[in-house]
**Q** 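Below: one structure in structure tokens.
Chain letters run A, B, ... following the sequence lines, proteins first and then strands; every chain starts at 1. The figures here come from the full heavy-atom set of this structure, side chains too, leaving out hydrogens, waters and symmetry mates.
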Number of protein chains: 2
Amino acid sequence: MARKQGSHSDITGPKVREAALRLIARHGYAAVSMRQLAAEVGVQAGALYNYTPDKQTLLFDLMRDHLVDVIESFDKADPKSDANSRLRAFVSFHIRYHLPRADAVFVAYMELRNLEPENFAAIEKLRRAYEDRLEAILRQGEAEGAFAMKDARVATRAIIGMLTGFFTWYRQEGRLPLEEVEAIYWDLVCKAVAR
Amino acid sequence: MARKQGSHSDITGPKVREAALRLIARHGYAAVSMRQLAAEVGVQAGALYNYTPDKQTLLFDLMRDHLVDVIESFDKADPKSDANSRLRAFVSFHIRYHLPRADAVFVAYMELRNLEPENFAAIEKLRRAYEDRLEAILRQGEAEGAFAMKDARVATRAIIGMLTGFFTWYRQEGRLPLEEVEAIYWDLVCKAVAR
DNA sequence: TTTTCAAATGAACAGATGTTCAGTTAGATG
DNA sequence: CATCTAACTGAACATCTGTTCATTTGAAAA
């Protein structure tokens, strides 16, 4: 039954990636088998190997593509002006970007330990690159006299942990609209790094 | 070779739990087999079933015992006085308690999705109970006029995410002494919820 | 010394695992 | 129309999975 209607690599490829993201986010990389993934896509297990050389590379590609997109998107959203505006943009971007991408965030944060060493190193580099964006903003704020904190590196990690923890463990309750969540977080972050 | 020297349940039992915590933290629940765990303990796979009815219950017990201990320990450390003192005690407790228990923290935060539904519900209840301790402090602070924030529930999650993120993803670098880390975090938290 | 039994072994179970590949199919091409 | 070939099937591979249990061991009690 090969080449069914609408069953081209242009369609199956993205389907594999979407299904992998969803299943891995829900059950974890090690707990999802290639046969489960194939079933979710509507294909036999062997067909997946037209889209990835192996399971490990599939995981790596999902994480890398997500992080590369995060960084590129932020660089576009960054006003590159004063530290306060940039920090506000960072918080806003982080929340708005991650909210509709819960599965990708989950995978990128939870599956690091399932990466083989060289893959892990590459992903850590990307994660670090994103953190460095925030750290640079905090240091700019210190230089401008707008912010004050005891340790910019720890503050960076604390803020990212604070922002990401929300999307990582607490699924959208719908209690609060996006603007509200953004305002609440901005209030906390803004005050935390204030002089 | 049964009952080797010093090989009683008083010794093997804790060894199983320690090895499980270490291996699951490092590789994930699904990625650790009972045979790997047994090898780490220095025993055959079958012997593990003297210490747990099954793999799932082992995971659940590790998570439950950790969370129960967290809550009990905090309740002892809680000064139960003014909100500012209590918040300071919470931050100090959280950091000092979790720092030497990185494996348990990791497992309790990362393996929720590998719990069967009723086990998940029980663990979520415990996690919520700990969060509620912090939320109560924040609300007390609001009532006293000491703190001000837009949403105490979101602030609770943000603060816990901020504190826990540190132990979850960033292994101790040794760059900063414990007192320093505590001071940095207290500074951030304190300002974030300030009026 | 003999007895006892908690604690461990090691084989067996049925089924799942990631991956490969010769063969089949059907939409697109000429 | 016949041909081509990307996309997929389905069986096979060696190995691993959680769990059970009859059997063996050896330290401690009698």
Side-chain angles (χ1 to χ4, degrees), chain A residues 1-21 23-24 26-63 107 111 113-119, chain B residues 1-21 23-24 26-63 107 111 113-119:
Chain A
M1 274 206 294
R3 282 250 213 166
K4 282 189 265 183
Q5 204 181 25
S7 181
H8 297 261
S9 76
D10 297 354
I11 295 181
T12 307
K15 263 177 126 182
V16 168
R17 300 170 54 82
E18 282 156 30
L21 223 41
L23 287 178
I24 294 174
R26 219 175 305 275
H27 306 110
Y29 171 76
V32 175
S33 74
M34 294 301 268
R35 270 169 256 262
Q36 274 173 61
L37 174 55
E40 187 84 0
V41 174
V43 110
Q44 291 299 312
L48 297 177
Y49 292 83
N50 291 321
Y51 303 98
T52 182
D54 49 51
K55 195 188 178 190
Q56 167 73 200
T57 304
L58 176 58
L59 175 63
F60 174 69
D61 287 346
L62 291 173
M63 295 172 78
V107 169
E111 303 297 348
R113 60 191 166 175
N114 288 307
L115 290 172
E116 284 159 13
E118 69 257 55
N119 290 340
Chain B
M1 273 209 293
R3 280 253 214 166
K4 281 189 267 183
Q5 203 183 26
S7 183
H8 298 261
S9 75
D10 297 355
I11 294 181
T12 308
K15 262 177 126 181
V16 169
R17 299 169 55 81
E18 283 157 29
L21 224 40
L23 287 178
I24 294 173
R26 218 174 306 274
H27 306 110
Y29 170 76
V32 175
S33 74
M34 294 302 269
R35 270 169 257 260
Q36 275 174 61
L37 175 55
E40 186 85 0
V41 174
V43 110
Q44 292 299 314
L48 297 177
Y49 291 84
N50 290 321
Y51 303 98
T52 182
D54 50 50
K55 195 188 178 190
Q56 168 74 200
T57 305
L58 176 59
L59 175 63
F60 175 69
D61 287 345
L62 291 174
M63 295 172 80
V107 170
E111 302 297 348
R113 59 190 166 175
N114 288 306
L115 290 171
E116 283 159 12
E118 70 257 54
N119 289 341

**Q** Quantified as the angle between the terminal helix axes (five pairs each), what is the overall bend of the helix from C:dT1-D:dA30 to C:dG30-D:dC1 to 10 degrees?
**A**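 Taking five pairs per end, the axes differ by 10°.
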**Q** Going through the distances and angles, do B:Tyr49 and B:Met34 end up as a side chain to side chain contact (heavy atoms under 4.5 Å, CB included)?
**A** CA-CA 10 Å; B:Tyr49 291 84; B:Met34 294 302 269; 3.5 Å; yes
**Q** How many Å lie between CG on B:Asp10 and C1' on D:dA27, as a whole number?
**A**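 In whole Å, D:dA27 C1' and B:Asp10 CG are 14 Å from each other.
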**Q** Dump the intermediate steps for side chain to side chain contact (heavy atoms under 4.5 Å, CB included) on A:Glu116 and A:Phe60, then the final yes or no.
**A** CA-CA 9 Å; A:Glu116 284 159 13; A:Phe60 174 69; over 6 Å; no
**Q** Do any side-chain nitrogens or oxygens of A:Tyr51 fall under 4.0 Å of OP1 or OP2 in D:dC8?
**A**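 The answer is yes; a side-chain N or O of A:Tyr51 sits under 4.0 Å from OP1 or OP2.
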**Q** For the pair B:Lys55 and B:Glu111, find out whether any cationic side-chain nitrogen is under 4.0 Å from an anionic carboxylate oxygen.
**A**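 So B:Lys55 does not pair with B:Glu111 through a salt bridge.
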**Q** In whole angstrom, what separates B:Asn50's CG from C:dT9's C1'?
**A**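 That distance rounds to 11 Å.
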**Q** Please check this pair: side chain of B:Tyr29 against backbone of B:Arg113, looking for a donor-acceptor N/O pair closer than 3.5 Å.
**A**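 Side chain of B:Tyr29 to backbone of B:Arg113: no pair is present.
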**Q** Determine, stepwise, if the pair A:Gln56 / A:Leu115 fulfils side chain to side chain contact (heavy atoms under 4.5 Å, CB included).
**A** CA-CA 7 Å; A:Gln56 167 73 200; A:Leu115 290 172; 3.8 Å; yes
**Q** Hey, mind stepping through B:Leu37 and B:Ile24 against side chain to side chain contact (heavy atoms under 4.5 Å, CB included) and telling me if it holds?
**A** CA-CA 9 Å; B:Leu37 175 55; B:Ile24 294 173; over 6 Å; no
**Q** Can you give one letter per nucleotide of nucleotides 10-21 of chain C, going 5' to 3': B for a protein heavy atom under 4.0 Å from the base, S for sugar-phosphate only, - for none?
**A** B-B----BBBB-
**Q** For the pair made of CG in B:Leu48 and P in D:dT19, what is the distance, rounded to whole Å?
**A**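 Distance, rounded to whole Å: 10 Å.
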**Q** According to a strict under-4.0 Å criterion, is A:Thr12 in side-chain N/O contact with OP1 or OP2 of D:dC8?
**A**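 Looking at the OP1 and OP2 atoms of D:dC8, one of them is under 4.0 Å from a side-chain N or O of A:Thr12.
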**Q** Tell me, do B:Thr57 and B:Asn119 make a side-chain contact under 4.5 Å, heavy atoms counted?
**A**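 Heavy-atom side-chain distance check fails, nothing below 4.5 Å.
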**Q** What pair of heavy atoms forms the shortest contact from B:Ala31 to A:Asn114, and how long is it?
**A**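 Heavy atoms only, the tightest pair is CB-OD1, 4.2 Å.
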